[in-house]
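Take a look at the structure below.
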Amino acid sequence: MGYIDHYEKYMREVVTDMERCKSSKDRIVFGYTSDVDVLVTYSEEAFNEIIKKFLKTDIYCNPEDVIDGMESFARIIAYYMSTGIGGEADIVNGEVCEYLIDHFETEYALGGTGAQGAAALGSIGMPLLVHISDKSEKVCEMMDYPGLESIRDGRRVPLREVKAGESVYHMIFSYTKGDKFKVGEKEYTVPVSNRVIMGYDTMHKDMVVADDFKEYLENHADNVISYNLSGFNAILDPVLTAKRMEELGPHYRTIKEKNPDCIIYFESAHYLNPEVKHLVYKELSQYVNIMGMNEDELVVHTKECGVAMDHTSLSDVLMGMDLVIDKYQVNGIILHTKDYSMYYGDELVGVDVEKGLTIGNLLAGTKARVGHYGTLDEVWEGLDRPLSEAGLAFVKELEEMSPKRSICLVPSRYMEKPLCTIGLGDTFVAGVQFAFIK
């Protein structure tokens, strides 16, 4: 049987779910980091000038690479643009930030997976709890939605009541399908719209979760619908990582013991240090129900397992997900792409996976279309978009396959040239949470 479009059906349920949460103490929880993103608008003229002036080698990128000047910036960004993949790179020289601000158009936006996921739900009117690290006035203003709260002195308070300190800035360099640049006499065309996140950031080199936040969740574990973990990807020191994981383990264990129905969701990321990545995954996999990632990250995982994966092949995608599930022993993976989203893993009792994938697609698609976290009315308007042909083709192909694990695949409502490519995965994760509301 082919795909049956349930987008409108699930959107009607979302309204009921939000009212249920507003009238109870039950909350979705997001953590842990926040920052101010500096969005850099691509200019072919400015980027070609950087290439011509600074690039002295072939274009390539290694997992351990950092941006220590304009030459490494040119090399790494040109590589990402030529492939169309997105990723992260650490800036260790503030002059790079100054150069980009001086030579490109920029604007400010909210950063951090947990912060963006919380804001995406706050924008449609969903009450929830969030842990943020950058508590600057700019961040708190961007997250000032009714019902969006954090913890201070053991009680829930609006975000404006935790305001403190200066902003942390991350540079986001975006490119659109069809953008061009030249290296010598060779012209490159960007195949897929994407972005590279470049953090010039010392705060998140040591990611600390506030004690009062942990204590509140442990004392109110029965009210935690889902607990979304992210923000570990800026830590570079394996020893420090191991220490933070050791501290957090008992916290997650306590919540799961008090509330076995709580879904712990870990959103993956491009990690800057492979050893850190291994430590984080090894520890969190003991508690995580679902691991989330995009197709670029899945390709990286399979490569680390010594296997080449073609993300345009459904059989390859399932093979890659099997490798990750077997390696880390998680219940399952949610994969989000521009054409479809998919859950693959153990059957989750009491979880409406299709609903979560559908609303995740719709919230992310809305941000891509309107350029900001959508209001409820703007999300409804997204139902007019066509379903992705590539996503529908995967649904048809799946009918002829016999996967070894439970699977649910939902085509996205497709956009060829999105207005925004920043935070779409984070916004998708926000929508997924509606799968866990009973």
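Please read all numbers here as calculations on a predicted model, not as lab measurements.
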Rounded to the nearest 0.5 Å, how far does CG of Leu39 lie from CZ of Arg195?
-> 11.5 Å

Check the side chains of His170 and Glu88 for a donor-acceptor pair under 3.5 angstrom, ignoring hydrogens and angles.
-> no

Mind listing the closest non-hydrogen atom pair of Ser133 and Thr33 along with its distance?
-> OG-CA, 3.2 Å

Please check if atom CD in Glu166 has more than 12 non-hydrogen atoms from other residues, nucleotides or ligands closer than 6.0 Å.
-> no

Should we say atom CD of Gln329 is surrounded by more than 12 heavy atoms from elsewhere, each under 6.0 Å from it?
-> yes

Report yes or no: does Ser313 contribute a side-chain atom to a donor-acceptor pair with the main-chain N or O of Met309 at less than 3.5 Å?
-> no

What distance do Leu335 atom CG and His311 atom NE2 have between them, rounded to the nearest 0.5 Å?
-> 10.5 Å

Distance-only, no hydrogens or angles: does the Arg160 side chain make a donor-acceptor pair with backbone N or O of Met143 under 3.5 Å?
-> no

Do Lys277 and His301 have side-chain heavy atoms sitting under 4.5 Å apart?
-> yes

Once the angle between the rings of Tyr328 and Tyr281 is folded into 0 to 90°, is it parallel (under 30°), tilted (30 to 60°) or perpendicular (over 60°)?
-> tilted

Hey, can you pull the donor-acceptor pairs under 3.5 Å for the side chains in residues 424-438, sequence neighbours left out?
| from | atom 1 | to | atom 2 | distance (Å) |
| --- | --- | --- | --- | --- |
| Asp426 | OD1 | Thr113 | OG1 | 2.9 |
| Asp426 | OD2 | Gln116 | NE2 | 3.0 |
| Thr427 | OG1 | Gly423 | O | 2.7 |
| Gln433 | OE1 | Ser226 | OG | 2.6 |
| Gln433 | OE1 | Asn228 | ND2 | 3.1 |
| Gln433 | NE2 | Asn228 | OD1 | 2.9 |
| Gln433 | NE2 | Val429 | O | 2.8 |

Tyr414 six-ring face occupied by Arg385 cation (under 6.0 Å, within 45°) | no

Could you go through the salt bridge (charged side-chain N to carboxylate O under 4.0 Å, His left out) check for Glu19 and Lys22 one step at a time?
-> CA-CA 5 Å; Glu19 291 304 317; Lys22 288 176 183 177; 3.6 Å; yes

Aromatic centroids of Phe73 and Tyr99 separated by under 6.0 Å = no

Can a salt bridge be assigned to the pair Glu399 and Lys396 using a cut-off of 4.0 Å between side-chain N and carboxylate O?
-> no

Would you find more than 12 non-hydrogen atoms of other residues, nucleotides or ligands less than 6.0 Å from Glu347 atom CD?
-> no

With sequence neighbours left out, what residues match His220 under ring-ring contact (aromatic ring centres under 6.0 Å, His included)?
-> Tyr216

Closest non-hydrogen atom pair between Ser388 and Asp339, with its separation | OG-OD1, 2.7 Å

Taken to the nearest 0.5 Å, the spacing of Glu137 CD from Lys163 NZ works out to 4.5 Å

Do Glu8 and Arg12 meet the salt-bridge criterion of a basic N to acidic O distance under 4.0 Å?
-> yes

Donor-acceptor pair between Glu304 and His278 side chains, under 3.5 angstrom = no

Pairs meeting criterion ring pair (Phe, Tyr, Trp, His ring centres under 6.0 Å) with involvement of residues 121-140, two or more places apart = Tyr32-His131, His131-Phe213

Are any of the side-chain heavy atoms of Tyr80 and Asn194 separated by less than 4.5 Å?
-> no

Is the backbone N or O of Val168 less than 3.5 Å from a side-chain atom of Asp134, with the two atoms forming a donor-acceptor pair by type?
-> yes

Nearest heavy-atom approach of Pro411 to Leu392 is CG-CD2, 3.8 Å

How about Lys258: does its NZ atom have over 12 heavy atoms from other parts shown lying under 6.0 Å from it?
-> yes

For Tyr108, what residues pass the ring-ring contact (aromatic ring centres under 6.0 Å, His included) criterion, not counting sequence neighbours?
-> Tyr169

Between Lys138 and Glu141, does at least one N-O distance fall below 4.0 Å, as a salt bridge requires?
-> no

Measure the spacing between CG of Leu318 and CG of Leu398 and express it to the nearest 0.5 Å.
-> 7.0 Å

Strictly under 6.0 Å, is that where the ring centroids of Phe104 and Phe173 end up?
-> yes

Those residues that, when tested against Lys9, pass side chain to side chain donor-acceptor pair (under 3.5 Å) (two or more places apart) | Glu13

First locate atom OH of Tyr373, then atom OG of Ser123, and finally report the distance between them rounded to the nearest 0.5 Å.
-> 9.0 Å

Flag the pair Asp326 and Arg405 as a salt bridge only when some basic side-chain nitrogen lies within less than 4.0 angstrom of an acidic carboxylate oxygen.
-> yes

Any residue meeting ring-ring contact (aromatic ring centres under 6.0 Å, His included) with Tyr340, in chain and number order, not counting sequence neighbours | Phe394

State whether the number of non-hydrogen atoms from other residues, nucleotides or ligands found under 6.0 Å of Lys327 atom NZ is greater than 12.
-> yes

Is any NZ, NE, NH1 or NH2 atom of the basic residue among Asp384 and Arg413 found under 4.0 Å from an Asp or Glu carboxylate oxygen of the other?
-> no

Rounded to the nearest 0.5 angstrom, the CD1-CG distance for Ile225 and Asn259 is 10.0 Å

Donor on one side chain, acceptor on other, Tyr60 and Asp65, under 3.5 Å | no

Count the heavy atoms of every other residue, nucleotide or ligand shown that sit under 6.0 Å from CD of Glu105, and state whether that count exceeds 12.
-> no

Side-chain donor-acceptor contact under 3.5 Å, Lys256 with Asn289 | yes

Might you confirm whether atom CD of Glu95 has over 12 heavy atoms from other residues, nucleotides or ligands at distances under 6.0 Å?
-> no

